[in-house]
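Working notes, beginning with the structure itself.
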Amino acid sequence: MVYKPSIGEKVFNLFNILFMALMIFICFYPFWYCVTCSLSKQADTASLMLLPNGFTLATYKDVLAREAIQKGYLVTIFVVVVGTIINLIMTTIAAFLLTRKNFAIRGFLTWMMLFTMYFGGGMIPTYIVYTQILGLEGSILVLLIPGCISVYNMIVMRTNFNGIPTSLEESVKVDGGNDMHVLWHIIIPLSKAVISVMVLFYGVGHWNSWFNASLYLQGTEIQPLQLRLREILILGQTAAEGDAGDVSTMAENIKYATIIVATLPILLVYPVIQKYFVKGVMIGAVKG
Amino acid sequence: MNEQSITLKKKPNLGRRIGDEIKRNFVLYLMAIPVIVYFVVFVYLPMYGLIIAFKDYRPFNRMGQGGIWGSPWADYYGFGNFVKFFQSPLFWSVIKNTIYISLLGTCFSFPAPIIFALMLNEIKNLKYKKIIQTITYLPHFISMVVICSMIIRFFQTEGILTKLITLLGGEKQNYMINEDAYRPIFVGSGIWQGVGWGSIIYISALSSIDQELYEAAVIDGAGKWKQLVHITIPGILSTIVILLIMNIGSILSVGYEKTILLQNDKTASVARVISSYTYDLSFGEGNSDFAYSSAIGIFQSVVNIIFLTIANTISKKVTDSGLF
């Protein structure tokens, strides 16, 4: 039997394809618009540009020459690299512990972690404890340690570890290996996919984060890129609106170049990594 | 000999058993130490900090007085900070703003990914589908600071979206300092950020529907619409219900990051939501009312839990599926 679509269906399919084309445009064009503005000699910000209005790279030279941006880049790169390594080590260990069937405190550990998915100190009590008791104010540790185990990511990892046949680890145990050997020689080599998902989840998270830095690192030299960006693009902007524009004198095309400089790394790795992201979410979604 | 075998059968005492367990899983216990330390110090200790909500909190002074435990209890048996919030002239305005934006989210941001997933499901060309997915997930990965600075640029007087609005007959102005425009911009940009990414969970639910059901329906002469109503929607209903309950359970949680980045003096009266208000009270210019804002934070969590429970109960009665 050959299925014949009705006229209504044909109309719907056409409409659907056009709708999806519009979605692609809406989700992609704003970024392209920023690129064209940043490359324009004189950004005409009120018109729909497909190509730059006179080509220049001077905007990027200007942005990259700024000390604030350079320092911000260094801090962010450090936090992304070191922070993600800490995330990976801690999350892998936590997930691994929860897969050990004959481990007496496994139940306790599970509850200790799951509980924090639903309850927490909240922004202010956390701030008080971190600054008054732990003395984290002004320390870069505050960007590395808090949140080093995301319970959600840990569950995704544990689900993945549980899928590895136990017969493999038994062979290690027979050879006299302990649980550390099992983790290092069996679990980790067989979990490259999920580990790369984690690298991406945590890495992008660190790249984009700004809030903790704004709370704890106010007035220090440790200002990640996103905070510098906020200073230049948002705080400067609102000030300018209030005081008839004497504060924000930066040209529009340079502002757009700043946006692109801060986003380019994500835009470049994004096409490569997005399939892993989806995979990671799917694993979590299935388990709830 | 005989005696020995009898002692072996006896259950060893507790201390001995713990010793054996630690010896057997020594490596695991070693690995558990950093994990437990992290959770106790960085996650559970801040919960201890919650008691400042019931205190007349003062930071440590030179005499060693004050601090979390040392501060005196608040009035009204410790509930003084809560009473202060309920009596505050801003109370109703903050609650109203929060619920308003939340409900706009439930009405528009919540169904958007569902509709998008259903429409995407009808695209049969896999390559085209893949491209659509890749591109619509993109805004989700861009940092909030960048997103907000783009929004601010696009809606300023010379911005491209302001231009679009004037072409459609609107006024030429800076929409970022317009109270009436704040909520549509906040919610609309939220849909743009989340519609693609939010659809993933529905796409995965859709792909788990048994394809034979559709074949059977076609043989029975059911058109696309009937297939949608009788197979597709029931197939993803439990996912929708669970996410809706979670959505209602966060009715008082409007994200502070985006609010803090987008609001300004001119729009504060409509932008101020509970989470951003607690932030302003603690870190805003000239403010450091930590105890008061902690109390507001607790109030937010309690109301959220109440709404979550109500939504869950109703859903269990009506659709037989719930979160807990």
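A note on names: the letters A, B, ... follow the listed sequences, proteins ahead of strands, and every chain is numbered from 1. Since we're looking at a predicted model, the values are computed, not measured. Computation of the quantities below employed the complete heavy-atom set of this structure, encompassing side-chain atoms and omitting hydrogens, waters and symmetry-equivalent molecules.
The number of heavy atoms from other shown groups lying within 6.0 Å of CG (Asp265(B)) does not exceed 12.
When heavy atoms are compared at a cutoff of 4.5 Å, Ile52(B) approaches chain A solely by way of its side chain, counted from C-beta outward. Heavy atoms closer than 4.5 Å to chain B are found in both the backbone and the side chain of Met20(A). Contacts between Phe39(B) and chain A at a heavy-atom distance below 4.5 Å involve the side chain alone, from C-beta outward. With a threshold of 4.5 angstrom between heavy atoms, Phe31(A) approaches chain B through its backbone and through its side chain. The contact between Ile26(A) and chain B is made by backbone and side chain atoms together, counting heavy-atom distances below 4.5 Å. Contact of Tyr44(B) with chain A is made through the side chain alone, with heavy-atom distances under 4.5 Å. The contact between Leu136(A) and chain B is made entirely by side chain atoms (from C-beta outward), counting heavy-atom distances below 4.5 Å. Only the backbone of Ser275(B) comes within less than 4.5 Å of a heavy atom of chain A; no side-chain atom from C-beta onward does. Interface residue Glu21(B): only side-chain heavy atoms are found under 4.5 Å from chain A. Of the atoms belonging to Val27(B), it is side-chain heavy atoms, and not backbone ones, that fall under 4.5 Å from chain A. In this structure, chain B has a heavy atom under 4.5 Å from the side chain of Val151(A), while its backbone stays farther away. Using a 4.5 Å cut-off between heavy atoms, Thr263(A) touches chain B through its side chain atoms alone.
For the options Thr116(A), Ile266(A), Ile259(A), Ile93(A), heavy-atom pairs under 4.5 Å to chain B are most numerous at Thr116(A). Between chain A and the residues Ile135(B), Ile36(B), Ile18(B), the most heavy-atom pairs under 4.5 angstrom are made by Ile135(B). Counting heavy-atom pairs under 4.5 Å between each of Asp179(A), Leu267(A), Ile89(A), Thr91(A) and chain B puts Asp179(A) at the top. Taking chain B as the reference chain and counting heavy-atom pairs below 4.5 Å, the highest number among Asn13(A), Ile105(A), Thr131(A), Asn178(A) is found for Ile105(A). Ranked by heavy-atom pairs under 4.5 Å with chain A, the list Val195(B), Ile142(B), Val146(B) is led by Ile142(B). In terms of heavy-atom pairs under 4.5 angstrom with chain B, the leader among Leu183(A), Ile145(A), Leu109(A) is Ile145(A). In terms of heavy-atom pairs under 4.5 angstrom with chain B, the leader among Met180(A), Gln218(A), Gln132(A) is Gln132(A). Chain B forms more heavy-atom pairs under 4.5 Å with one residue of Thr126(A), Ile149(A), Ile17(A) than with any other, namely Ile149(A).
The closest side-chain heavy-atom distance from Phe283(B) to Ile124(A) is below 4.5 Å. In this structure, the side chains of Phe96(A) and Leu28(B) come closer than 4.5 Å at one or more pairs of heavy atoms. Within the 4.5 Å cutoff, the side chain of Leu120(B) has no heavy atoms near those of the Phe19(A) side chain. A heavy-atom distance below 4.5 Å is not found between the side chains of Met113(A) and Val43(B). For the pair Tyr29(B) and Leu97(A), the minimum side-chain heavy-atom distance is 4.5 Å or more. Ile305(B) places a side-chain heavy atom less than 4.5 Å from the side chain of Phe119(A). Within the 4.5 Å cutoff, side-chain heavy atoms of Cys27(A) are placed close to those of Trp192(B).
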>> Let's go through Met31(B) and Phe103(A) carefully: what are the C-alpha distance in whole Å and the side-chain angles of both, what is the deciding distance for side-chain contact (heavy atoms from CB on, under 4.5 Å) to 0.1 Å, and is it a yes or a no?
In response: CA-CA 12 Å; Met31(B) 290 161 98; Phe103(A) 186 34; over 6 Å; no
>> Leu261(B) vs Trp210(A), test: side-chain contact (heavy atoms from CB on, under 4.5 Å). Steps then yes/no.
In response: CA-CA 11 Å; Leu261(B) 291 171; Trp210(A) 63 280; 3.7 Å; yes
> Met150(B) and Tyr33(A): side-chain contact (heavy atoms from CB on, under 4.5 Å), yes or no, with the steps?
Replying inline: CA-CA 10 Å; Met150(B) 282 166 69; Tyr33(A) 175 81; over 6 Å; no
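A side-chain donor-acceptor contact under 3.5 Å links Tyr38(B) to the backbone of Gly147(A). A donor-acceptor pair is defined here as one N or O able to donate and one able to accept, closer than 3.5 Å; no such pair exists between the side chain of Asn208(A) and the backbone of Met144(B). Judged by distance alone, with hydrogens and angles left aside, the side-chain atoms of Tyr270(A) form a donor-acceptor pair with the main-chain N or O of Thr134(B) at under 3.5 Å.
Smallest separation of non-hydrogen atoms from Gly49(B) and Val129(A): CA-CG2, 3.8 Å. Of all non-hydrogen atoms in Phe154(B) and Cys34(A), the two that sit nearest each other are CZ-SG, 4.3 Å. A pairwise comparison of heavy atoms in Ile234(A) and Val145(B) identifies CD1-O, 3.8 Å as the closest pair. Closest heavy-atom contact between Ser143(B) and Gln226(A): OG-OE1, 2.7 Å. Contact detail for Asn16(A) and Met119(B): the closest heavy-atom pair is ND2-O, 2.9 Å.
In this structure, Tyr279(B) and Phe211(A) have tilted ring planes: the angle between them lies in the 30° to 60° band.
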